A.B. asks: 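Just dropping this structure here.
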Amino acid sequence: MEKTKIVVAGPRGRMGSEAVKLVERTEGYELVAVVDHKHGGKKLNELEGFSTSSVPIYDNMTVCLTEVKADVLIDLTTPEVGMVHTRTALELGVRPVVGTTGFTQENLKELEELCREKEVGCIIAPNFAVGAVLMMKFSQLAAKYFPDVEIIELHHDQKLDAPSGTAVKTAQMISQVREEKVQGHPNEKETLQGARGANYNGMHIHSVRLPGLIAHQQVMFGADGQALTIRHDSYNRASFMSGVKLAVDTVKNVDTLIYGLENIID
């Protein structure tokens with residue numbers, strides 16, 4: 001059976017290094033190159049922590065995907081870089097699996113149109129942890145019966161975007177089943193601006209950033225005499241790799257943009 005040839009962007013990042021390990025240990029996968037803006041021209045095994053792989057490092061995605069035959073790009077960089085990488089991959093017929101959060105609706109629309117034009121699949125997931133996706137699905141179910149809801153997401157202090165893509169995606173999914181309503185007292189006033197968090201269709205989203213955290217979210221529902229909390233915790237980056245693998249295996253068989261792992265989990 002022919003192996004799936006994979007390029008990883010951002011191999012030195014916490015998620016990217018786990019993705020490299022995933023590709024190297026998975027039967028049927030082959031790591032053919034990585035993209036790293038600081039170490040173009042080197043081999044991966046020249047970098048600390050990557051002694052087992054001698055694939056080339058590129059500092060330019062276009063050059064990489066032109067010179068190396070690849071089926072899938074795994075991109076775990078930043079929103080700005082990830083958008084450029086994803087667009088480039090689609091234009092060159094390589095299927096992206098993207099774990100970078102922070103894409104705008106305009107970004108997603110552009111990529112959706114590019115997928116349609118090139119007939120190449122792309123999967124973008126705000127969160128690759130299967131448990132986090134189930135948390136979002138359970139929250140959507142609960143919101144049918146508990147329309148008063150607040151979202152608290154907690155991440156490490158090096159995360160660049162707030163709120164997290166998972167929190168926004170959760171709010172979007174809940175909004176599909178919940179009529180928009182204003183929560184709290186109608187005359188509520190913030191004595192410190194931002195105390196009530198971001199507002200999404202009347203729901204409040206709160207972002208916590210502290211060292212020692214990885215990725216955590218709880219969705220709190222309240223009603224007369226009762227409360228329901230749905231929470232998911234990722235304690236290390238390896239927790240995301242089962243979802244990355246699922247996305248890589250799925251993206252080979254689709255020709256559209258899929259946003260959210262919940263769309264490929266039964």
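We count residues from 1, following the sequence as given. The shown structure was predicted, so the numbers you read here are calculated from the model rather than taken from an experiment.
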A.B. asks: Apply side-chain contact (heavy atoms from CB on, under 4.5 Å) to K69 and list each qualifying residue two or more places apart in sequence or on a separate chain.
C.D. replies: K5, D71

A.B. asks: When clusters are formed from ILVMFWY side-chain contacts under 4.5 Å, directly or step by step, what else is grouped with V208?
C.D. replies: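 Via sub-4.5 Å side-chain contacts, V208 links to I152, L154, L210, L213, M220.
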
A.B. asks: Does a donor on one side chain and an acceptor on the other come within less than 3.5 Å for H206 and E150?
C.D. replies: yes

A.B. asks: Holding to side-chain contact (heavy atoms from CB on, under 4.5 Å), I want the full list of residues that pass it with E180, two or more places apart in sequence or in another chain.
C.D. replies: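 Only N201 meet the side-chain contact (heavy atoms from CB on, under 4.5 Å) criterion with E180.
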
A.B. asks: Minimum heavy-atom separation for C115 and C122, please, with both atom names.
C.D. replies: SG-CB, 3.6 Å

A.B. asks: Using side chain to side chain donor-acceptor pair (under 3.5 Å) as the criterion, list what pairs up with D148, not counting sequence neighbours.
C.D. replies: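 Once residues adjacent in sequence are excluded, the partners of D148 under the side chain to side chain donor-acceptor pair (under 3.5 Å) criterion are K181.
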
A.B. asks: Please check if the side chain of E67 supplies one atom and the backbone of C64 the other of a donor-acceptor pair under 3.5 Å.
C.D. replies: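 No.
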
A.B. asks: What residues form a side chain to side chain donor-acceptor pair (under 3.5 Å) with T88, not counting sequence neighbours?
C.D. replies: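 So T88 forms no side chain to side chain donor-acceptor pair (under 3.5 Å) with any residue.
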
A.B. asks: Indicate yes or no: does R12 engage E48 in a salt bridge with an N to O separation below 4.0 Å.
C.D. replies: no

A.B. asks: Mind listing the closest non-hydrogen atom pair of M203 and S175 along with its distance?
C.D. replies: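 Scanning both residues, the minimum pair turns out to be CE-OG, 3.3 Å.
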
A.B. asks: What distance separates M173 CE from M135 CE, expressed to the nearest 0.5 Å?
C.D. replies: 9.5 Å

A.B. asks: Specify the closest pair of heavy atoms between G82 and T77, including all atoms of both residues, with the distance to one decimal.
C.D. replies: N-OG1, 3.4 Å

A.B. asks: Short question: side chain of R178, backbone of P147 - any donor-acceptor pair under 3.5 Å?
C.D. replies: yes

A.B. asks: Quick check: is Y145 connected to F138 through a chain of hydrophobic side chains (ILVMFWY, heavy atoms under 4.5 Å apart)?
C.D. replies: yes

A.B. asks: Just verifying a value: how many Å separate D59 CG and H39 NE2, rounded to the nearest 0.5 Å?
C.D. replies: 11.0 Å

A.B. asks: Under 4.5 Å between side-chain heavy atoms, chaining through other members, with only Ile, Leu, Val, Met, Phe, Trp and Tyr counted: pull out the rest of the cluster around V7, sorted by chain and number.
C.D. replies: V32, V35, Y58, M61, V63, L65, V68, L73, L92, V94

A.B. asks: Just wondering, are more than 12 heavy atoms of other shown residues or ligands nearer than 6.0 Å to CD in E2?
C.D. replies: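 Atom CD in E2 is not packed in, count stays at 12 or less.
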
A.B. asks: Check whether any side-chain heavy atom of H155 sits under 4.5 Å from a side-chain heavy atom of S164, and report yes or no.
C.D. replies: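 Answer yes - side chains close enough.
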
A.B. asks: Distance check, rounded to the nearest 0.5 Å: M15 atom CE versus L22 atom CG?
C.D. replies: 10.5 Å

A.B. asks: Measuring only between side-chain heavy atoms, which start at C-beta, is I6 closer than 4.5 Å to I74?
C.D. replies: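 Sidechains of I74 and I6: in contact.
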
A.B. asks: Please walk me through it: do V20 and V23 pass side chain to side chain contact (heavy atoms under 4.5 Å, CB included)?
C.D. replies: CA-CA 5 Å; V20 169; V23 175; over 6 Å; no

A.B. asks: Under a 3.5 Å distance rule, please check whether T26 uses its side chain to pair with a backbone N or O of Y29 as donor and acceptor.
C.D. replies: no

A.B. asks: Kindly give the heavy-atom pair with the smallest separation between H204 and N199, and that separation in Å.
C.D. replies: CE1-ND2, 3.9 Å

A.B. asks: For the NZ atom on K252, are there more than 12 heavy atoms of other groups (residues, nucleotides or ligands in this structure) within a distance under 6.0 Å?
C.D. replies: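 Yes - once you tally the heavy atoms of other residues, nucleotides and ligands closer than 6.0 Å, there are more than 12.
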
A.B. asks: Any donor-acceptor pair under 3.5 Å linking the side chain of E30 with the backbone of T4?
C.D. replies: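 No, because the side chain of E30 does not come within donor-acceptor range (under 3.5 Å) of the backbone of T4.
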
A.B. asks: Kindly compute the distance separating OG1 (T78) from NE2 (H85), expressed to the nearest 0.5 Å.
C.D. replies: 8.0 Å

A.B. asks: Flag yes if V81 and V84 sit in one hydrophobic cluster, no otherwise; membership is Ile, Leu, Val, Met, Phe, Trp, Tyr, and two members link when side-chain heavy atoms are under 4.5 Å apart.
C.D. replies: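 Different hydrophobic clusters.
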
A.B. asks: T86: which residues meet the side chain to side chain donor-acceptor pair (under 3.5 Å) condition with it, sequence neighbours left out?
C.D. replies: none

A.B. asks: Indicate the atoms forming the closest heavy-atom contact of I205 with A171, along with that distance.
C.D. replies: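 Where I205 meets A171 most closely, the heavy atoms are CD1-CB, 4.0 Å.
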
A.B. asks: Taking R209 first and then E153, would you say they form a salt bridge - that is, a charged N and a carboxylate O separated by under 4.0 Å?
C.D. replies: yes

A.B. asks: Any sub-3.5 Å donor-acceptor pair from H216's side-chain atoms to I214's backbone N or O?
C.D. replies: yes

A.B. asks: Among E110, E113, E117, E112, which residue satisfies the salt bridge (Lys or Arg N to Asp or Glu O under 4.0 Å) criterion with R87?
C.D. replies: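 Of the listed residues E110, E113, E117, E112, the salt bridge (Lys or Arg N to Asp or Glu O under 4.0 Å) partner of R87 is E110.
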
A.B. asks: For L44 and L31: C-alpha separation, side-chain torsions, deciding distance, then whether side chain to side chain contact (heavy atoms under 4.5 Å, CB included) applies.
C.D. replies: CA-CA 11 Å; L44 185 58; L31 184 68; 4.0 Å; yes

A.B. asks: How would you list, by chain and number, every residue that makes a side-chain contact (heavy atoms from CB on, under 4.5 Å) with K189, sequence neighbours excluded?
C.D. replies: none

A.B. asks: Check which hydrophobic residues are tied to V120 through side-chain heavy-atom contacts below 4.5 Å, counting indirect links as well, and list them.
C.D. replies: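 V120 clusters with M83, L90, V98, F103, L108, L111, L114, I124, L257, Y259.
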
A.B. asks: Do you know the tightest heavy-atom contact between P11 and F50?
C.D. replies: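 That closest heavy-atom pairing would be O-CZ, 3.1 Å.
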
A.B. asks: Check this for me: does any side-chain nitrogen of one of E18 and K21 sit under 4.0 Å from a carboxylate oxygen of the other?
C.D. replies: yes

A.B. asks: Got a sec, which residues hit side chain to side chain donor-acceptor pair (under 3.5 Å) with E188, two or more places apart in sequence or on another chain?
C.D. replies: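 Listed in chain order: R196.
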
A.B. asks: Once rounded to the nearest 0.5 Å, what's the spacing between atom OG1 of T170 and atom CE of M136?
C.D. replies: 5.0 Å

A.B. asks: Hey, mind stepping through T229 and V219 against side chain to side chain contact (heavy atoms under 4.5 Å, CB included) and telling me if it holds?
C.D. replies: CA-CA 6 Å; T229 299; V219 187; over 6 Å; no

A.B. asks: Sorted by first residue and then second, give each side chain to side chain donor-acceptor pair (under 3.5 Å) pair with at least one member in residues 118-139; sequence neighbours left out.
C.D. replies: N127-T166

A.B. asks: Identify each donor-acceptor pair in which a side-chain atom of residues 239-247 lies under 3.5 Å from a protein atom, sequence neighbours left out, and give them as a table.
C.D. replies:
residue: S239; atom: OG; partner: S234; partner atom: OG; Å: 3.1
residue: S239; atom: OG; partner: N236; partner atom: O; Å: 2.7
residue: K245; atom: NZ; partner: D249; partner atom: OD2; Å: 2.9

A.B. asks: Starting at CD1 of I258, measure out to CD1 of I123 and round the result to the nearest 0.5 Å.
C.D. replies: 4.5 Å

A.B. asks: Do R231 and D233 meet the salt-bridge criterion of a basic N to acidic O distance under 4.0 Å?
C.D. replies: yes

A.B. asks: How far apart are the C-alpha atoms of E262 and Q140, what are their side-chain angles, what is the distance that settles it, and do they pass the side chain to side chain contact (heavy atoms under 4.5 Å, CB included) test?
C.D. replies: CA-CA 11 Å; E262 72 280 358; Q140 186 183 47; over 6 Å; no

A.B. asks: Evaluate the side-chain proximity of F221 to Q226: yes if any heavy-atom separation is below 4.5 Å, no if none is.
C.D. replies: no

